[in-house]
Amino acid sequence: MSEFNQLLVRRIRNGTVIDHIESPRALLVLNILNITGQEGNVITVALNVPSVKQKKKDIIKVENKFLEKKETDKLALIAPNATINIIKDYKLTEKRRIQLPDKIIGFFKCPNLRCITNTEEGLSSKIEIIDKKNILLKCQYCARSITTNELIK
Ligand SMILES: [Zn+2]
């Protein structure tokens, strides 16, 4: 992270920094991670930060929470280039990229309105990633092909 960006969002002692999020998707990222702010810990969100690699990027710092791989991999569809930095005692102890999981359970809705996951209360969607390279998705219940754009809107 450049010096400018470090100044923009304060250094954290313990927690998770999600960097290189496609702008302006940081709020969507918080949503998917189920981070509401009700938890009481300090959360810093920076939108449209100038970045060399992406022109603009979003950054999220979640203090006193170490996000696990299975949580952050859910971000694969909306922030595939994001990096996850785990900070312990001001030191970067783990840096990882997001990996597309085989399937994503819950959060996203199947775009097929007649799909059982939309009509049956309490049934989580199960979206299978059938081609990781070209990002081809399919609902495991109704077998409909799904595009990433359909999931995000
Ligand atoms: Zn479906």
Side-chain angles (χ1 to χ4, degrees), residues 1-111 117-118 121-137 139-140 146-153:
M1 210 185 283
S2 74
E3 207 177 316
F4 169 78
N5 290 341
Q6 285 201 7
L7 289 171
L8 189 71
V9 273
R10 70 172 177 148
R11 284 180 72 198
I12 62 174
R13 183 172 188 167
N14 291 301
T16 308
V17 177
I18 310 173
D19 197 2
H20 299 291
I21 301 166
E22 285 77 349
S23 292
R25 290 189 176 165
L27 299 175
L28 193 60
V29 166
L30 288 176
N31 222 329
I32 291 179
L33 294 175
N34 216 0
I35 295 171
T36 60
Q38 303 277 355
E39 300 84 2
N41 51 336
V42 176
I43 298 161
T44 316
V45 180
L47 303 176
N48 301 319
V49 179
S51 157
V52 184
K53 260 202 275 181
Q54 288 159 274
K55 273 189 187 166
K56 272 195 281 178
K57 64 174 183 177
D58 292 355
I59 306 167
I60 298 172
K61 294 194 175 192
V62 185
E63 295 189 34
N64 298 318
K65 189 175 166 80
F66 305 112
L67 291 169
E68 288 173 40
K69 190 174 179 303
K70 65 173 198 287
E71 296 177 90
T72 51
D73 278 351
K74 284 196 280 185
L75 304 175
L77 296 179
I78 64 144
N81 299 313
T83 50
I84 313 297
N85 303 282
I86 304 293
I87 314 286
K88 287 181 182 162
D89 210 16
Y90 295 112
K91 287 195 192 79
L92 178 68
T93 58
E94 189 191 339
K95 189 183 184 96
R96 58 175 192 254
R97 303 294 307 258
I98 288 173
Q99 283 177 320
L100 213 52
D102 295 326
K103 65 177 80 154
I104 295 176
I105 299 166
F107 188 76
F108 293 109
K109 275 187 179 316
C110 175
T117 59
N118 288 318
E121 192 114 354
L123 191 59
S124 297
S125 65
K126 265 192 202 153
I127 293 167
E128 208 182 337
I129 291 98
I130 45 176
D131 181 341
K132 290 191 181 185
K133 199 161 164 251
N134 301 305
I135 311 192
L136 297 177
L137 315 169
C139 173
Q140 246 186 2
I146 304 168
T147 64
T148 348
N149 282 341
E150 283 180 309
L151 292 182
I152 291 167
K153 67 175 184 196

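If you read the sequence from its start, that first residue is 1, and numbering goes on from there.
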Could you check if a side-chain atom of [X] sits within less than 4.5 angstrom of a side-chain atom of [Y], using non-hydrogen atoms only?
{"X": "P101", "Y": "K70", "result": "no"}
{"X": "L151", "Y": "F107", "result": "no"}
{"X": "I127", "Y": "C110", "result": "no"}
{"X": "L67", "Y": "I18", "result": "yes"}

If the condition is side-chain contact (heavy atoms from CB on, under 4.5 Å), which residues does [X] pass it with, not counting sequence neighbours?
{"X": "N48", "result": "S23, P24, K56, D58"}
{"X": "N14", "result": "N64, F66, K88"}
{"X": "N134", "result": "D131, L136"}

(request) Check step by step if side chain to side chain contact (heavy atoms under 4.5 Å, CB included) holds for F108 and L77. (result) CA-CA 10 Å; F108 293 109; L77 296 179; 4.1 Å; yes
(message) Just by distance, no angles: are the side chains of Q99 and K132 close enough, under 3.5 Å, to form a donor-acceptor pair?
(response)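 On atom types as modelled, these side chains do not qualify, holding no pair under 3.5 Å.
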(request) Would you mind telling me which of I86, D73, T83 makes a side chain to side chain contact (heavy atoms under 4.5 Å, CB included) with R96? (result) I86
(request) Give a yes or no on whether the backbone of V62 and the side-chain of T16 come within a donor-acceptor separation of less than 3.5 Å. (result) no
(request) Kindly indicate, with the supporting measurements, whether the criterion side chain to side chain contact (heavy atoms under 4.5 Å, CB included) is fulfilled by I87 and L92. (result) CA-CA 5 Å; I87 314 286; L92 178 68; 4.0 Å; yes
To check you understand the geometry: which heavy-atom pair defines the closest contact between [X] and [Y], and what is its length?
{"X": "T36", "Y": "E39", "result": "N-OE2, 3.2 Å"}
{"X": "I130", "Y": "L137", "result": "CG1-N, 4.3 Å"}
{"X": "A26", "Y": "I60", "result": "O-CD1, 3.4 Å"}
{"X": "K61", "Y": "I12", "result": "CD-CG2, 4.1 Å"}
{"X": "A79", "Y": "V29", "result": "CB-CG2, 4.4 Å"}
{"X": "I21", "Y": "A82", "result": "CG1-CB, 4.3 Å"}

Hey, could you give me the [atom1]/[atom2] distance between [X] and [Y], rounded to the nearest 0.5 Å?
{"X": "I84", "Y": "H20", "atom1": "CD1", "atom2": "NE2", "value": "11.0 Å"}
{"X": "K103", "Y": "C139", "atom1": "NZ", "atom2": "SG", "value": "11.5 Å"}
{"X": "E71", "Y": "N34", "atom1": "CD", "atom2": "CG", "value": "9.0 Å"}
{"X": "I78", "Y": "I32", "atom1": "CD1", "atom2": "CD1", "value": "3.5 Å"}
{"X": "D19", "Y": "K57", "atom1": "CG", "atom2": "NZ", "value": "3.5 Å"}
{"X": "K95", "Y": "N85", "atom1": "NZ", "atom2": "CG", "value": "4.0 Å"}

(message) Between D102 and E128, is the side chain to side chain contact (heavy atoms under 4.5 Å, CB included) condition met? List the steps.
(response) CA-CA 6 Å; D102 295 326; E128 208 182 337; over 6 Å; no
(request) In sequence, state the C-alpha distance, the side-chain angles, and the governing distance for N81 and R97, and then conclude on side chain to side chain contact (heavy atoms under 4.5 Å, CB included). (result) CA-CA 7 Å; N81 299 313; R97 303 294 307 258; 4.1 Å; yes
